[in-house]
Amino acid sequence: QVQLVDSGGGLVQAGDSLRLSCAASGRSFSRYNVGWFRQAPGEEREFVARISWTGASTDYADSMKGRFTISRNNAQNTVYLQMNSLKPEDTAVYYCAATERWSGGRYETTYDYWGQGTQVTVSS
């Protein structure tokens with residue numbers, strides 16, 4: 001079992017930055033690939049970014065490339081999502097999730113464990 005706790009959300013202005021954290025507890029977290037997803041009001045949950053268990057591979061949704069950076073510190077059992085140049089359309093609840101699979105990692109059904117979510121609100 002892996003338990004995930006998301007944090008770092010908040011209310012910011014357009015153009016600001018935020019760093020989200022996903023802290024994990026449980027066995028062998030360093031062997032899990034981790035993804036970030038987000039869900040805006042009235043919308044479906046969408047893929048944001050993911051990182052392999054070694055940190056060697058990353059993948060981003062097109063709209064996040066160049067603005068968001070995913071990283072991890074396995075010694076601290078934490079994955080980060082650095083978000084720069086935030087836009088009002090980035091407003092959503094952000095969730096981290098973990099899976100042992102890399103294939104299909106852009107789809108939420110691939111993930112076995114989820115954090116509770118953290119709210120990000122970007123004002124214009």
Side-chain angles (χ1 to χ4, degrees):
Q1 285 284 345
V2 174
Q3 293 79 42
L4 304 175
V5 177
D6 311 315
S7 64
L11 173 62
V12 297
Q13 294 186 330
D16 285 350
S17 298
L18 274 177
R19 188 177 79 160
L20 306 184
S21 298
C22 175
S25 59
R27 64 179 183 90
S28 304
F29 174 70
S30 61
R31 302 301 300 268
Y32 284 82
N33 305 303
V34 174
W36 284 96
F37 291 77
R38 69 184 186 184
Q39 187 167 22
E43 309 253 344
E44 293 187 352
R45 194 176 299 185
E46 66 171 342
F47 168 74
V48 174
R50 59 180 174 142
I51 189 166
S52 63
W53 67 277
T54 64
S57 296
T58 58
D59 181 29
Y60 298 90
D62 287 346
S63 61
M64 287 70 166
K65 284 180 182 176
R67 297 192 302 125
F68 291 8
T69 302
I70 190 170
S71 61
R72 69 188 298 159
N73 183 331
N74 284 339
Q76 296 185 343
N77 281 356
T78 304
V79 172
Y80 303 99
L81 184 69
Q82 177 68 42
M83 306 187 295
N84 299 329
S85 302
L86 283 163
K87 306 174 183 180
E89 51 264 43
D90 293 318
T91 295
V93 178
Y94 285 70
Y95 300 88
C96 69
T99 178
E100 293 183 278
R101 293 165 283 174
W102 183 251
S103 176
R106 286 185 166 221
Y107 302 97
E108 58 181 300
T109 53
T110 299
Y111 293 82
D112 302 303
Y113 304 102
W114 289 83
Q116 82 289 354
T118 185
Q119 176 71 49
V120 172
T121 303
V122 184
S123 65
S124 57

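Shown here for Tyr60 and Phe47, the closest heavy-atom pair between the two residues is C-CE2, 3.8 Å. Closest heavy-atom contact between Ala14 and Pro88: CB-CD, 4.1 Å. Of all the heavy atoms in Phe29 and Ala24, the pair that sits closest is CD1-CB, 3.2 Å. Annotation for Gly9 and Val120: closest pair CA-CG2, 4.0 Å, computed over non-hydrogen atoms. Residues Ser103 and Thr110 come closest through the heavy atom pair O-CG2, 3.8 Å. Contact record, Gln39 with Glu43: NE2-O, 3.1 Å, taken as the closest heavy-atom pair.
The structure places CZ of Arg38 at 14.0 Å from OG1 of Thr118, a figure rounded to the nearest 0.5 Å. Distance CD1/Ile70 to OG/Ser52: 9.5 Å, rounded to 0.5 Å. Atoms OG and CG, from Ser123 and Leu86 in turn, are 10.5 Å apart once rounded to the nearest 0.5 Å. With rounding to the nearest 0.5 Å, the separation of CG in Asn33 from CH2 in Trp102 is 6.0 Å. From Asp112, atom CG reaches atom CD of Gln1 across 9.5 Å, with rounding to the nearest 0.5 Å. One finds the CG atom of Asp16 at 11.0 Å from the CE atom of Met83 (value rounded to the nearest 0.5 Å).
Applying the salt bridge (charged side-chain N to carboxylate O under 4.0 Å, His left out) test to every pair with at least one member in residues 66-75, sequence neighbours left out, gives these pairs: Arg67-Asp90.
Side-chain heavy atoms closer than 4.5 Å link hydrophobic residues (I, L, V, M, F, W, Y) into clusters, and following such links, possibly through other members, connects Val48 to Leu4. Transitive grouping of hydrophobic side chains (ILVMFWY, heavy atoms separated by less than 4.5 Å) keeps Ile51 and Tyr111 in distinct clusters. Tyr80 and Phe68 sit in two unconnected hydrophobic clusters of ILVMFWY residues. Membership requires side-chain heavy atoms under 4.5 Å apart, directly or through other members. In the hydrophobic clustering of ILVMFWY residues, with side-chain heavy atoms under 4.5 Å counting as a link, Trp36 and Val12 come out together. Side-chain heavy atoms closer than 4.5 Å link hydrophobic residues (I, L, V, M, F, W, Y) into clusters, and following such links, even through other members, never connects Leu81 to Trp114.
Geometric assessment of Arg45 against the ring of Phe37 yields a negative cation-pi assignment under the 6.0 Å and 45° thresholds.
A donor atom on one side chain and an acceptor atom on the other are found under 3.5 Å apart for Asn84 and Ser17.
For the pair Glu46/Met64, a side-chain contact is recorded, criterion being any heavy-atom separation below 4.5 Å from C-beta on. Between Thr91 and Gln119, some side-chain heavy-atom pair lies under the 4.5 Å cut-off.
Judged by distance alone, with hydrogens and angles left aside, the side-chain atoms of Ser21 form no donor-acceptor pair with the main-chain N or O of Ala23 at under 3.5 Å. Not one N or O on the side chain of Asp6 forms a donor-acceptor pair closer than 3.5 Å with the backbone of Leu20.
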